[in-house]
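Below is one structure, written out as structure tokens; the observations come after it.
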Protein chains: 2
Amino acid sequence: MSGSAPATGPQRQTRQRAAVQSALAGRMEFTSAQQLHDLLRQQGTAIGLTTVYRSLQALADSGQVDLLVTDEGQTLYRQCSAEHHHHLVCRDCGRTVEIAGPAVETWADAIAEEHGFSEISHTIELFGRCSSCTAGTG
Amino acid sequence: MSGSAPATGPQRQTRQRAAVQSALAGRMEFTSAQQLHDLLRQQGTAIGLTTVYRSLQALADSGQVDLLVTDEGQTLYRQCSAEHHHHLVCRDCGRTVEIAGPAVETWADAIAEEHGFSEISHTIELFGRCSSCTAGTG
DNA sequence: TTTGGTGCAAAACCTTTGCATTAGG
DNA sequence: CCTAATGCAAAGGTTTTGCACCAAA
């Protein structure tokens with residue numbers, strides 16, 4: 001299965017890095033680097049866009065953050081539990097539900113071996129409209 | 001489920017459009033617009049990159065071609081059967097197997113409704129190393 | 001002090017758009 | 001003839017990189 005990197009964490013604790021982590025912790029939705037940068041600036045945190053990108057990369061590398069790529073090729077980040085899992089994302093409000101789907105994992109492995117493939121990794125994301133957005137749809 | 005577009009096909013048959021379709025038909029792997037453009041140029045076909053992009057968009061719109069976005073945000077295209085399905089891609093040689101996985105569809109719908117989500121769509125791609133590449137690696 | 005972190009500006013990258021020209025029907 | 005399609009060049013957007021400066025340990 002997709003081996004997790006050695007996770008060579010950051011070596012120095014800085015104000016900026018803490019800010020990124022905390023901003024991410026405060027959001028339940030997948031967020032882009034630029035959005036995060038805007039949020040931080042708005043709340044008065046002085047930080048450069050470059051640093052936000054680098055911090056997010058570091059966090060993703062060390063497995064503290066999950067990332068997904070949108071249809072438009074934009075990368076979104078979200079603080080997640082370390083275990084492998086997938087997401088069910090509301091395409092209206094962005095609300096996200098983590099899904100630990102042993103069923104799919106099994107399915108994926110079975111399909112793969114059936115076709116002689118090994119070292120399997122997979123990308124599985126579900127998108128839909130949550131109950132709130134379906135009800136009050138603005 | 002993700003509704004398929006009305007598929008308003010191209011209105012004029014042109015040399016370039018035919019070239020793109022044929023080039024795509026000749027490849028079993030997911031290919032980027034730029035790669036396709038290179039291939040066409042190499043085989044002596046005069047065609048602009050812009051036209052390749054536009055042709056691929058049209059083909060994708062009309063459902064004659066499947067597309068996926070890589071981790072780096074690049075869009076890859078591949079000629080596919082029209083029915084909804086997923087892919088098992090060899091990360092070494094690019095060999096691709098189409099997978100019609102009613103099992104996952106069911107799973108996805110179940111998970112979604114369980115959480116009150118509707119209008120579900122999903123992204124599911126499997127990556128691995130095929131038998132040829134595992135055996136003769138190199 | 002030492003060296004990783006920061007941030008601006010500029011580059012790199014893929015993709016889309018404007019507009020004059022070409023060619024399919 | 002009429003207008004969609006083409007293609008160049010330029011713009012658009014996100015992400016990365018170069019380099020001088022700053023600050024954590």
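All of these numbers come straight from a predicted model, not from anything done at the bench. Each chain gets a letter, A, B and so on, in the order its sequence line appears, and its residues count up from 1.
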Just the rounded figure in Å: distance from [atom2] of [N] to [atom1] of [X].
X: B:Gln13; N: D:dT3; atom1: CD; atom2: C1'; answer: 17 Å
X: A:Leu49; N: D:dG13; atom1: CG; atom2: C1'; answer: 12 Å
X: B:Asp61; N: C:dT16; atom1: CG; atom2: P; answer: 11 Å
X: B:Ile47; N: C:dA23; atom1: CD1; atom2: P; answer: 14 Å
X: A:Gln34; N: D:dT16; atom1: CD; atom2: P; answer: 11 Å
X: A:Arg41; N: C:dC8; atom1: CZ; atom2: C1'; answer: 11 Å
X: A:His37; N: D:dG13; atom1: NE2; atom2: P; answer: 17 Å
X: B:Gln35; N: C:dC14; atom1: CD; atom2: P; answer: 10 Å

Do the side-chain N or O atoms of [X] get closer than 4.0 angstrom to the phosphate oxygens (OP1, OP2) of [N]?
X: A:Gln74; N: D:dT14; answer: yes
X: A:Gln16; N: C:dG7; answer: yes
X: B:Arg17; N: D:dT6; answer: yes
X: B:Thr14; N: D:dT6; answer: yes
X: A:Gln57; N: D:dT16; answer: yes
X: A:Tyr53; N: D:dT15; answer: yes

Any N/O donor-acceptor pair, [X] side-chain to [N] base, under 3.5 Å:
X: B:Thr50; N: D:dC8; answer: yes
X: A:Arg12; N: C:dG4; answer: yes
X: A:Arg54; N: D:dT16; answer: no

>> Atom CZ of residue position B:Arg27 - does it have more than 12 heavy atoms of other residues, nucleotides or ligands inside 6.0 Å?
In response: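 Count over threshold, so yes.
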
> Are side-chain N/O atoms of A:Gln34 and A:Tyr53 paired as donor and acceptor at under 3.5 Å?
Replying inline: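 A:Tyr53 and A:Gln34 do have a side-chain donor-acceptor pair below 3.5 Å.
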
>> Does A:Thr75 reach a base, just sugar-phosphate, or nothing at all? Heavy atoms under 4.0 Å.
In response: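 Touches sugar-phosphate only.
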
>> So A:Glu72, base contact, sugar-phosphate only, or nothing? Heavy-atom distance under 4.0 Å.
In response: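 Nothing, no heavy atom under 4.0 Å.
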
>> Quick check against the 3.5 Å criterion: does B:Arg41 have a side-chain atom that pairs as donor or acceptor with the backbone of B:Ala46?
In response: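 Absent.
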
> Any idea which heavy atoms bring A:His85 and A:Ile99 closest together, and the distance?
Replying inline: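 In terms of heavy atoms, the two residues are closest at CB-O, 3.3 Å.
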
> Closest approach of A:Ala18 and A:Gln13, non-hydrogen atoms and distance?
Replying inline: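 Scanning both residues, the minimum pair turns out to be CB-NE2, 3.4 Å.
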
>> Let me spell it out: for each of A:Arg15 and B:Arg15, pick the nucleotide of DNA chain C with the closest heavy atom. Which residue's pick is nearer the 5' end?
In response: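 Final value for this comparison: A:Arg15.
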
